[in-house]
Amino acid sequence: MTKILMVCLGNICRSPLAEGIMRSKLASDDFFVDSAGTANYHVGNSPDNRSIIVAKKYGLDISHLKGRQFNVLDFDQFDQIYVMDESNFKNVIALTRNDEDITKVKFILNEVYPNQNYSVPDPYYGGDEGFENVYKMLDEACDNIAKKLNS
Ligand code: 4NP
């Protein structure tokens, strides 16, 4: 079982979308996909409505997901930890205990633009088009991850 964790700041906009998209591209018998936020603002909350709506538009139901905060034990639980932006990267790296932890942490957009460390923009304070944009970026990145894992 390969375990993948998607991480953003609040765990209500970007990472629940990434979780839903990634899960839809992998066989549930072989892969476990989860998401978390580096902050605790939205622990126990449902995803942002705008994420729920854009996911639904593409046939995915993420409405049942609940926010949780990333914690150091996630390094033991997960094989790959994909962060959305540089701030998430710094916050997750700050919790690493050893080189093995560090090698698990990756910028998700490096799966599309290798070594560029580009960010998935935080759509929280923007309009609906931000969520559509985020969906498309994450869909492309998750496609590439799935191709690698399924090959
Ligand atoms: P996310 O977006 O990190 O993609 O879930 C955000 C959600 C909430 C906040 C910031 C970003 N906030 O400040 O509450």
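Just so you know, ligand 1 is whichever comes first in the structure, and atom 1 is the first atom listed for that ligand. Below, all heavy atoms of this structure are taken into account, side chains as well, without hydrogens, waters or symmetry copies.
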Under-4.0 Å salt bridge between Asp143 and Lys25: yes
Ion pair Glu140/Lys136, N-O distance below 4.0 Å: no
Per-residue contact class, Phe131 against ligand 1 - non-hydrogen pairs under 4.0 Å: neither
Arg97/Asp76 ion pair, N-O < 4.0 Å: yes
Protein heavy-atom partner closest to atom 12 (N) of ligand 1 - residue, atom, separation in Å: Tyr124 CE2, 3.5 Å
Polar proximity ligand 1 side, Ser15 side, N/O cut 3.5 Å exclusive: no
Other residues, nucleotides, ligands: >12 heavy atoms within 6.0 Å of Lys66 NZ: yes
Mutual orientation of the aromatic rings belonging to Phe89 and Phe107 [parallel < 30°, tilted 30-60°, perpendicular > 60°]: parallel
Asp139 (side chain) donor-acceptor with Tyr135 (main chain) under 3.5 angstrom: no
N/O donor-acceptor pair under 3.5 Å between Glu111 side chain and Asn144 backbone: no
Atoms in ligand 1 with a heavy atom of Tyr41 nearer than 4.0 Å: 12 (N), 13 (O), 14 (O)
Those atoms of ligand 1 less than 4.0 Å from some heavy atom in Cys8: 1 (P), 3 (O), 4 (O), 5 (O)
Residues Asp85, Asn88; criterion side-chain hydrogen bond (donor to acceptor under 3.5 Å, both in side chains); working and verdict: CA-CA 5 Å; Asp85 65 27; Asn88 311 149; 3.1 Å; yes
Under 4.0 Å to a heavy atom of Leu9 - the qualifying atoms of ligand 1, by number: 3 (O), 10 (C), 11 (C)
Asn40 side chain vs Gln69 backbone, donor-acceptor pair below 3.5 Å: no
Sub-4.0 Å atoms of ligand 1 with respect to non-hydrogen atoms of Cys13: 1 (P), 2 (O), 4 (O), 5 (O)
Ligand 1 contacted by His42 (non-hydrogen, < 4.0 Å): yes
For Gly10, atoms of ligand 1 separated by under 4.0 Å from a heavy atom: 1 (P), 3 (O), 5 (O)
Best match, Leu17, Val120, Asp122: closest heavy atom to atom 2 (O) of ligand 1: Asp122
Contact atoms of ligand 1, heavy-atom distance to Ile12 under 4.0 Å: 5 (O), 7 (C), 8 (C)
Atom indices of ligand 1, in the order listed, that fall short of 4.0 Å to a heavy atom of Tyr125: 13 (O)
Mode of Asp48 contact toward ligand 1 - side chain, backbone, both, neither (heavy atoms, under 4.0 Å): neither
